[in-house]
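Reviewing the structure listed below.
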Amino acid sequence: HVGHLECLEMAKELGDRLIVIVNSDLQAKLKKGESFMKEEDRMKIISTLNEYNNQGKTFYSFEFFPPKTDFGLDNLYSRIDRMAALRPAYIDVTWGAGGSTAEKTFDMSKTIQKYFGLDVMMHLTCTNMPKDSIKQVLLDSKENNISNILALRGDPPEGTSRWENNDSEFNNGIDPVSYTHLTLTT
């Protein structure tokens with residue numbers, strides 16, 4: 001994804017490693033009094049990638065955008081069923097700008113995880129999304145054990161080439177990440 005690559009390229013200028021920080025169970029308990037999810041569950045995709053790396057194996061993931069039609073979705077599920085045999089490290093499910101695919105993204109994430117037994121990383125972009133809608137998606141995700149969420153500000157709104165602040169509370173990349181953390185740990 002171009003937006004992700006741009007962020008990674010900018011990060012590359014600052015160093016040569018990507019560090020993902022996840023609070024331990026103890027740290028979560030000290031900060032919040034409890035953790036809604038065990039550390040091992042929060043680290044599942046990272047643990048999987050570390051296993052591949054430690055074994056010197058190449059790993060990959062598949063990224064899917066929710067199809068526009070029910071026929072397209074059935075076709076995609078049929079392909080995912082066959083691709084599952086390739087044992088991807090995880091599946092990414094993207095989120096349409098302004099939440100245009102929010103329901104399909106959530107349903108796909110839930111279905112892939114539950115019926116195909118694959119780890120899912122659900123994208124959650126906040127461009128032009130009301131705060132209440134984001135909160136509901138996060139609560140539904142928690143209820144359905146979707147624990148790998150890539151929270152992003154998102155691409156510039158359609159028809160523009162640069163990001164400009166708007167009245168949303170989600171104008172910088174850290175905003176949806178902080179809100180996700182706050183919503184899921186309280």
Side-chain angles (χ1 to χ4, degrees), residues 1-8 20 36-38 40-53 55 57-160 168 170 173 176-177 179-180 183-184:
H1 181 281
V2 174
H4 300 174
L5 292 175
E6 287 173 2
C7 289
L8 290 173
V20 178
F36 85 95
M37 182 186 308
K38 291 181 181 176
E40 61 198 38
D41 294 333
R42 293 193 311 270
M43 295 290 294
K44 192 160 187 172
I45 288 179
I46 293 170
S47 295
T48 299
L49 298 182
N50 281 336
E51 284 177 35
Y52 279 105
N53 193 40
Q55 296 171 13
K57 292 182 178 179
T58 300
F59 58 84
Y60 54 91
S61 66
F62 296 119
E63 181 173 280
F64 300 111
F65 185 86
K68 294 181 182 196
T69 65
D70 289 340
F71 177 78
L73 186 59
D74 289 343
N75 185 34
L76 179 60
Y77 283 150
S78 175
R79 292 172 191 272
I80 290 172
D81 189 38
R82 292 191 307 263
M83 290 175 164
L86 299 172
R87 303 192 58 179
Y90 61 94
I91 302 292
D92 265 318
V93 182
T94 64
W95 184 275
S100 60
T101 66
E103 189 174 327
K104 285 185 178 182
T105 295
F106 177 74
D107 288 343
M108 276 182 63
S109 297
K110 190 169 59 171
T111 299
I112 292 168
Q113 186 167 282
K114 184 174 182 178
Y115 295 108
F116 297 100
L118 299 170
D119 288 329
V120 173
M121 180 165 323
M122 183 180 81
H123 291 207
L124 174 61
T125 58
C126 301
T127 301
N128 297 332
M129 288 287 296
K131 189 174 183 176
D132 289 345
S133 296
I134 297 295
K135 182 175 185 175
Q136 191 59 53
V137 169
L138 294 171
L139 294 174
D140 290 345
S141 296
K142 181 177 178 179
E143 183 179 316
N144 286 279
N145 298 316
I146 297 172
S147 57
N148 300 302
I149 299 173
L150 179 58
L152 307 159
R153 177 195 66 195
D155 294 331
E158 193 169 331
T160 61
S168 170
F170 306 112
V177 174
Y179 185 72
T180 299
T183 300
L184 293 180

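Only a predicted model underlies this, so the values are computations on that prediction, with no experimental measurement involved.
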For Q113 and N145 the tightest heavy-atom approach is NE2-O, 2.8 Å
Closest heavy-atom pair and its distance - D107, Y77: O-OH, 4.0 Å
For residues T58 and Y52, determine if any side-chain heavy atom of one lies less than 4.5 Å from a side-chain heavy atom of the other. no
Please check if the number of heavy atoms outside K104 that lie under 6.0 Å from its NZ is greater than 12. yes
To the nearest 0.5 Å, how far apart are CD in Q136 and CZ in F106? 9.0 Å
Got a sec: does the OH of Y115 have more than 12 other heavy atoms crowding it under 6.0 Å? no
What is the minimum heavy-atom distance between V120 and I112, and which atoms define it? CG2-CG2, 3.6 Å
Interatomic spacing from CG in D140 to NZ in K142 - rounded to 0.5 Å: 12.0 Å
Indicate the atoms forming the closest heavy-atom contact of G96 with T125, along with that distance. O-OG1, 4.0 Å
Before giving the answer on side-chain contact (heavy atoms from CB on, under 4.5 Å), spell out for T101 and T94 the whole-Å C-alpha distance, their side-chain angles and the decisive distance to 0.1 Å. CA-CA 8 Å; T101 66; T94 64; 5.8 Å; no
Spacing of L86 atom CG and Y60 atom OH [to the nearest 0.5 Å]: 4.5 Å
So do the side chains of L118 and I80 get within less than 4.5 Å of each other, counting heavy atoms only? yes
Inter-residue atom distance D92.CG - L150.CG, 0.5 Å rounding: 7.0 Å
Just by modelled atom types, is the D74 backbone N or O under 3.5 Å from a matching donor or acceptor in the S78 side chain? no
Out of curiosity, F65 CZ to M108 CE, how far, rounded to the nearest 0.5 Å? 9.5 Å
Quick one: are L138 and I149 in side-chain contact, heavy atoms under 4.5 Å? yes
CG (L76) and CE (M83) are apart, to the nearest 0.5 Å, by 8.0 Å
How far apart are the closest heavy atoms of S61 and P88, and which atoms are they? CA-CB, 4.4 Å
